[in-house]
Amino acid sequence: QLQLVESGGGLVQPGGSLRLSCAASGFALDYYAIGWFRQAPGKEREGVSCIRSSGSRMNYADSVKGRFTISRDNAKNTVYLQMNSLKPEDTAVYYCAADRWNRCRSVTNEAEYDYWGPGTQVTVSS
């Protein structure tokens, strides 16, 4: 069974950092682009970042550029999202998703992603 599971969420103060992980089971991530999305209460889900299978292409939403970094370790079947300088507006449930066509052309097209994790809560508050 193909599964993605996010971890690393939690409560952090403004200005703090968290690193989210997206681990795959039942399939190898080597050939998939991975995207990170988030959904804040009362808002639509939005794209945050994505990375192609080789790591050769990455995209970021304007709201996180310079603060978030996406990376992957295919040997560990895991993709990471390092989040620095966190703001209260970053509070959301964060999801990772896998695109079997390895696109990552933008961070906005959810329809390109085939498999989704259940999400992990990130709360930025003092």
Undergrad: Please check if atom CD in E89 has more than 12 non-hydrogen atoms from other residues, nucleotides or ligands closer than 6.0 Å.
TA: yes
Undergrad: Less than 4.5 Å apart, side chain to side chain, heavy atoms only: is that true for R45 and V93?
TA: no
Undergrad: Tell me, do V48 and F68 make a side-chain contact under 4.5 Å, heavy atoms counted?
TA: yes
Undergrad: What is the minimum heavy-atom distance between S106 and C50, and which atoms define it?
TA: O-SG, 3.6 Å
Undergrad: If you take all heavy atoms of F37 and A97, which pair is closest and at what distance?
TA: CE1-CB, 4.2 Å
Undergrad: Which heavy-atom pair separates T69 from Y60 by the least distance, and what is that distance?
TA: CA-OH, 3.4 Å
Undergrad: Taking side chain as C-beta onward, heavy atoms only, is Q3 less than 4.5 Å from Y115?
TA: no
Undergrad: Is the NZ or CZ atom of R38 both under 6.0 Å from the centre of the six-membered ring of Y94 and within 45° of that ring's axis?
TA: no
Undergrad: With distance as the sole criterion, is a donor-acceptor pair present between the side chains of T78 and D73 under 3.5 Å?
TA: no
Undergrad: Classify the side-chain pair R100/N102 by whether it contains a donor and acceptor separated by less than 3.5 Å.
TA: no
Undergrad: Measuring only between side-chain heavy atoms, which start at C-beta, is R57 closer than 4.5 Å to I51?
TA: no
Undergrad: So, S56 and S54: side-chain donor and acceptor under 3.5 Å apart, yes or no?
TA: yes
Undergrad: Locate the shortest heavy-atom distance separating T91 from V124; write the atom from each residue and the value.
TA: OG1-N, 2.9 Å
Undergrad: Where do C96 and I34 come nearest, in terms of heavy atoms and distance?
TA: CB-CG2, 4.4 Å
Undergrad: Does either side chain, that of D30 or that of S53, offer a donor lying less than 3.5 Å from an acceptor on the other one?
TA: no
Undergrad: Do we get R52 above W101's six-membered ring, with its NZ or CZ under 6.0 Å from the centre and within 45° of the axis?
TA: no
